[in-house]
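All figures in this text were calculated on a predicted structure; none of them were measured in a lab. In what follows, chains are A, B, ... by sequence order, proteins preceding strands, each numbered from 1. All values below were derived from every heavy atom in this structure, side-chain atoms included, with hydrogens, water molecules and symmetry-related copies excluded.
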Number of protein chains: 2
Amino acid sequence: MVVDEGTEQEVDRLFHAMADATRRDILQRCTGDGLSVTRLAAAYPMSFAAVHKHVDVLARAGLVRRQRRGREQLVHTEHDGLRQLRQALDDLERTWRARADRMSDLLAEPGHRTPNTDGGQRR
Amino acid sequence: MVVDEGTEQEVDRLFHAMADATRRDILQRCTGDGLSVTRLAAAYPMSFAAVHKHVDVLARAGLVRRQRRGREQLVHTEHDGLRQLRQALDDLERTWRARADRMSDLLAEPGHRTPNTDGGQRR
DNA sequence: TTCATCTACAACCATTTGGTTACACGTTAG
DNA sequence: CTAACGTGTAACCAAATGGTTGTAGATGAA
């Protein structure tokens, strides 16, 4: 079971969430015990609302979890999200490698000539 | 110093390029020997121009390389790009882990100033 | 109670994104 | 040479993104 179809959108969200320096920084800051959104917002040259939106993007991607503490909302990065991301990368690379292997099988037959950097990175 | 500042944008581009199912699929299809853009385009329910743009995004992120062959342009996925991405993830996780460790150290100390770290943020 | 804080969200705006069609330019085939 | 093909790009469009200000609801402190 490589990727289960419906997950494609999840992967989209994951990569998209990571494609912003501010959001990646948020992930780092919210490691361990969480940070309140206002504390977080104070760290960036943008409005509270903007940071709030960033946190929202991260949350929808499953990269952070929010936990209420009184009137504050603690944000902490969800370790599992990172793992999921890595998983997605692994999946990609595995499929890609498998494809490359099948490729060279085909190319192993005589009469074929590859002009490019023939994919021989195994062992 | 792990931070390479200018690289932040590169990482942005990498993750952004990956945040689209079509582009991820292109990466898989162009493994091994390349595919011409028109061959590629035939595989998707969108115009040649659209696919051409996707390839462009991938190329600017360093995830594919183009090679001219006559009137065709062969696209093949750049293995190093994937490695770079994984590297970025590793860096993130490492920093994150380090931060978690320092966290407990800092919490032991009486007072600490907040390092602004407001850098690297453009849209 | 009253006030300051923190959060949530709406309305708005500029830019980017992802798609379209159309067209011009090389290159290969007949 | 001429025609077909593959590519590159421009002009355009709708929707999403990333930001803003403003406002309102909870919550905690005085």
> Looking at residues at least two apart in the chain, or sitting in another chain, which of them share a side chain to side chain donor-acceptor pair (under 3.5 Å) with A/Asp80?
A/Arg83
> Could you pull out all residues at least two apart from B/Asp90 that satisfy salt bridge (charged side-chain N to carboxylate O under 4.0 Å, His left out)?
A/Arg86
> Quick one: list whatever passes salt bridge (charged side-chain N to carboxylate O under 4.0 Å, His left out) with B/Arg39, sequence neighbours left out.
none
> Answer with base, sugar-phosphate or nothing: what part of the nucleic acid does A/Ser36 contact at a heavy-atom distance below 4.0 Å?
sugar-phosphate
> Tell me every residue that passes salt bridge (charged side-chain N to carboxylate O under 4.0 Å, His left out) with A/Arg13, counting only those two or more places apart in sequence or in another chain.
none
> Between C1' on C/dT17 and CG on A/Asp12, what's the gap in Å once rounded to a whole number?
13 Å
> Mark up nucleotides 20-30 of chain C, 5' to 3', with B wherever a protein heavy atom is under 4.0 angstrom from a base atom, S wherever such an atom reaches only the sugar-phosphate, and - elsewhere.
BB-----BB--
> Rounded to whole Å, please give me the gap between CG in A/Leu35 and P in C/dT7.
10 Å
> Hey, does the side chain of A/His52 come within less than 4.0 Å of C/dT7's phosphate (OP1/OP2), counting only N and O?
no
> Rounding to an integer number of Å, can you tell me how far B/Glu72 CD sits from D/dG8 C1'?
15 Å
> Find the distance B/Leu74:CG to D/dG6:P and express it as a whole number of Å.
12 Å
> For A/Leu40 and C/dA8, give me the distance from atom CG to atom P, rounded to whole Å.
12 Å
> Residues two or more places apart in sequence or in another chain: which of them pass side chain to side chain donor-acceptor pair (under 3.5 Å) with A/Ser47?
none
> Can any side-chain N or O of A/Arg24 pair as donor or acceptor with the backbone N or O of A/Met18 at less than 3.5 Å?
yes
> Whether B/Arg29 engages the ring of B/Tyr44 as a cation-pi pair (distance to the six-membered ring centre under 6.0 angstrom, angle to the ring normal within 45°) should be assessed.
yes
> I need the NE2-C1' distance between B/His16 and D/dA16, as an integer number of Å.
11 Å
> Using the test ring-ring contact (aromatic ring centres under 6.0 Å, His included), find all partners of A/Phe48 that sit at least two apart in sequence or belong to another chain.
A/His52
> Taking OP1 and OP2 of C/dC6, is either one under 4.0 Å from a side-chain nitrogen or oxygen of A/Gln73?
no
> Tell me, please, which residues at least two apart from B/Arg66 pass salt bridge (charged side-chain N to carboxylate O under 4.0 Å, His left out).
B/Asp56
> Contacts to DNA chain C from residues 55-67 of chain A, heavy-atom cutoff under 4.0 Å, which residues?
none
> Nearest whole angstrom, please: distance from the C1' of C/dT16 to the CG of B/Asp20.
14 Å
> Atom OH of A/Tyr44 and atom P of D/dG18: how far apart are they, to the nearest Å?
15 Å
> Any side-chain N or O of A/Thr38 under 4.0 Å from OP1/OP2 of C/dT5?
no
